[in-house]
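Below, chains carry the letters A, B, ... as their sequence lines are ordered, and counting in each starts from 1.
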Amino acid sequence: MNASDNSIRVTLPDGAVRVVTRGTTPASIAASIGPGLAKAALAARINGALADLDLPIEADATLSIVTRKDADALELIRHDCAHLLAMAVQELFPGTQVTIGPVIEDGFFYDFARNEPFTPDDLPRIEARMKEIVARDAATRREVWPRDKAIAHFKAMGESFKAEIIADLPESEAIKIYWHGDWHDLCRGPHLMSTGKIGTAFKLMKVAGAYWRGDSKNQQLQRIYGTAWRDEKELAAHLHRLEEAEKRDHRRLGKEMDLFHIQEEAVGQVFWHPKGHALYRTLENYIRRKIDARGYVEVKTPMLLDRTLWERSGHWAKYRANMFIAEVEDEKKTLAIKPMNCPGHVQIFNQGLKSYRDLPIRMAEFGACHRYEPSGALSGIMRVRGFTQDDAHIFCEPHRMVDEAIKASELIFETYRELGFDDVKVKLSTRPDERIGSDAIWDKAEADLAEACKRLSIPYDMNPGEGAFYGPKLEFTLFDAIGRGWQCGTVQVDFNLPDRFDAEYVAEDGSRKRPAMLHRAVLGSMERFIGVVIEHYAGKFPLWLAPVQAVVATIVSDADDYAGEVRRQLRLAGLRVEADTRNEKINYKIREHSLAKVPVMLVAGKREAEEGTVTIRRLGVEKQETLKLGDAIALLAKEATPPDLR
RNA sequence: GCCGGCUUAGCUCAGGGGUAGAGCAGCGGUUUUGUAAACCGUUGGUCGGGGGUUCAAUUCCCUCAGCCGGCACCA
């Protein structure tokens, strides 16, 4: 063996090349660059892949040293935190089995198997132990074990879940065991060189149940969630963001702003209060104008339909568990409350003979649907059992499907933009295992939806196997002001219903043909969308959406009559206005209506009453402006114009 | 549906085996006020429902419901 065989070339990020002995570790290269870097080093990136600092480099490679400042650091810290958590839990609660503990957005979790539940009180104890282990600065050691030895070892320890994981690893995978002091776990790594490197910018957040391997048929484990960051400042910032998110929670704002409520006797259904319903109507009318302008026809179909119809549609077989059923005593009938509007729309289509000249028929309905959702799925007005879809079904000649999918998608994008959502992602969900229709039909429908996206030049992600049993779909997810995604709009192809209900039209050649059917919703559910809008704007709605657009607040009781007149004229101009003539100081009124997030306050004191003016004060803005009443009305009416009418 | 937590006045919340409190809101007054809380007085609760233990339960136990956080689900 000559000397050159023992040398390798390591290329650093700045392009510099170091010739080192084969088997040199990133740690020693870092040390040779400088003691500061050696100290700051958390891990290495060898040929682009994250690796342990003590992993010998065996061939020419590119190398970068990962420090706390790098984006990768978070991933490493969080991964180590998961181990730290498992270690602390096993020290404090002997007999607890470890399973998996991955890195997730903002943090990590670890799933444990233990008979007694963890309580929220356990979290501070575990967290304290984690910090103790960090202070211990236990060294990390990596070992590679033969598979059989590893399985036998973990089985002997009573760690049956770990043994199962190892047994399921592909043969090609090396079984790596990481030691942190005298605690060890199976892990693919990499890890920081000691527990002291993790730092203490972490916090355990919550305990939850989670099924082994995500399957509800399996044993339920106990999951502990934590968040972890590079330093205390980042942690504090994250906790602050959570607090801010809580402030815009639609359930909280719904109560504070008197928009809606839900009560025990109508679980999963919304009582819309006057202000909430003002918002609801504004959105509904807006959507109605948009679809009217695009050649839709609006219909209304029955809430209760006989069981036989649901049998024919296929819902009784496929969707029965989610349907509310109504038995009628006098007649021997079973009715179901509609969970979807589509079967009803096909009934309307089927009345009378349709010609190809009549197509496309774009049949819309603000359709109230009810679905029996699992109790654990309910959440405020975001996930409910009674909701209204801004639904439509488009019956068209099969070759027009791409065009119609394009039109529907354009409507969705335009609507989101006008409502203040610019960040939208599209997914194409393709054939699920359980489905109807031939592969040829699916090929065509999936290709049509993809073609629609292509022609619109919108990027989309594939979502394989997630289509409906009756056809593929495009799903539109919008992202709100704090970056959370909400799936709202959808465009779906349906091969099922036209067939089952024998929908037909007379084609150009006089033959009877089956129309293609497209389901689409823009907002999805009114309830859910309003929830999203509330959280997106944190209750501070743009003027056109605000439930109360302006409050006329008096300073002295002499201005009461004038305030009434101002209110009357603003209402004539189409604005939602209240007058506050209570015997309170203007400070008090300003404060109260500011907290209520009323966008515009019109102050009317003695001066304004005499001069026929109002003083406008905008929400959160101290600067005021006094205008002639007529000018103020014109200004506000213009500002309050819905985006589609501007 | 599953795991855990929670449920006290209209709202936000404190309390705790001997029969319940605060702030705000409400109501009654006084005050006529100029841009984020004027002052005085005052009403208000089967402590989520049911059952049990106890001389005594809002408090402890069981059970049901709802809500919250996850998991599963979202045709």
**Under 4.0 angstrom between A:Tyr588 side-chain N/O and B:rU32 OP1 or OP2** = no
**Item:** A:Asn341 and A:Gln389 side chains, donor-acceptor separation under 3.5 Å
**Value:** yes
**Item:** Paired nucleotide for B:rG21 [Watson-Crick or G-U wobble; both distances under 3.5 Å]
**Value:** B:rC13
**Complete:** Among B:rG70, B:rG34, B:rA36, the one nearest any side-chain atom of A:Arg607 is B:rG34
**Request:** Using the six-membered ring of A:Trp212, assess whether NZ or CZ of A:Arg223 lies under 6.0 Å from its centre and within 45 degrees of the ring axis.
**Result:** no
**Request:** Go through B:rU35, B:rU32, B:rG26 for me and flag the one nearest to the A:Arg582 side chain.
**Result:** B:rG26
**Message:** Pairing check on B:rU59: which nucleotide meets the Watson-Crick or G-U wobble criteria with it, both distances under 3.5 Å?
**Reply:** none
**B:rA9 to B:rA20 separation - C1' atoms, rounded to the nearest Å** = 11 Å
**Item:** Which nucleotide in B:rG69, B:rU35, B:rA37 has an atom nearest any side-chain atom of A:Ser379
**Value:** B:rG69
**Item:** Earlier contact from the 5' end, RNA chain B, for A:Ser557 and A:Ala468
**Value:** A:Ser557
**Request:** For the side chain of A:Val267, starting at C-beta, report the closest nucleotide among B:rG66, B:rG34, B:rA37.
**Result:** B:rG66
**Prompt:** Has A:Asn587 got a side-chain N or O lying under 4.0 Å from the OP1 or OP2 atom of B:rU35?
**Reply:** no
**Message:** Looking only at the side chain of A:Val556 (C-beta and beyond, no hydrogens), which of the listed nucleotides B:rU33, B:rA38, B:rG34 gets closest?
**Reply:** B:rU33
**Message:** When both hydrogen-bonding distances must be under 3.5 Å and the geometry is Watson-Crick or G-U wobble, what is B:rC2 paired with, if anything?
**Reply:** B:rG70
**Fill in**
Side-chain atoms of A:Ala210 come closest, of B:rA37, B:rC71, B:rC11, to B:rC71
**Item:** A:Lys206 vs A:Lys473, nearer the 5' end of RNA chain B by closest nucleotide
**Value:** A:Lys206
**Prompt:** Is there a side-chain polar atom (N or O) of A:Arg252 under 4.0 Å from OP1 or OP2 of B:rC67?
**Reply:** no
Under 3.5 Å, N/O pairs linking protein and nucleotides 1-5 of chain B:
residue : atom : partner  : partner atom : Å
B:rG1   : OP2  : A:Ser375 : OG           : 2.5
B:rG1   : N7   : A:Gly376 : N            : 3.1
B:rG1   : N2   : A:Tyr211 : OH           : 2.6
B:rC2   : O4'  : A:Tyr211 : OH           : 3.4
B:rC2   : O2'  : A:Gln220 : OE1          : 2.1
B:rC2   : O2   : A:Gln220 : NE2          : 2.9
B:rC3   : O4'  : A:Gln220 : OE1          : 2.6
B:rC3   : O2   : A:Gly209 : N            : 3.3

**Prompt:** Are A:His79 and A:Phe108 close enough, and set up right, to give a ring-ring contact (aromatic ring centres under 6.0 Å, His included), and what steps lead you there?
**Reply:** CA-CA 7 Å; A:His79 187 187; A:Phe108 60 93; over 10 Å; no
**Message:** Between A:Arg213 and B:rA72, is there a contact of a side-chain N or O with OP1 or OP2 at under 4.0 Å?
**Reply:** no
**Message:** Using the rule given for ring-ring contact (aromatic ring centres under 6.0 Å, His included), can you reason through A:Phe109 versus A:Tyr225, listing the C-alpha separation, both sets of side-chain angles and the distance that settles it, and then say yes or no?
**Reply:** CA-CA 4 Å; A:Phe109 68 73; A:Tyr225 282 94; 5.5 Å; yes
**Request:** With a 3.5 angstrom cut-off on both distances, give the Watson-Crick or G-U wobble partner of B:rU7, or none if there isn't one.
**Result:** B:rA65
**Request:** Verify the distance criterion only: is there a donor paired with an acceptor across the side chains of A:Tyr470 and A:Gln492 at less than 3.5 Å?
**Result:** yes
**Prompt:** For B:rG28, which nucleotide in any strand shown is its Watson-Crick or wobble partner with both distances under 3.5 Å?
**Reply:** B:rC40
**Asked** With respect to the phosphate group of B:rC68, does any side-chain polar atom (N or O) of A:Arg251 fall under 4.0 Å of OP1 or OP2?
**Response** yes
**NZ or CZ of A:Arg213 within 45° of A:Tyr211 ring axis and under 6.0 Å** = no
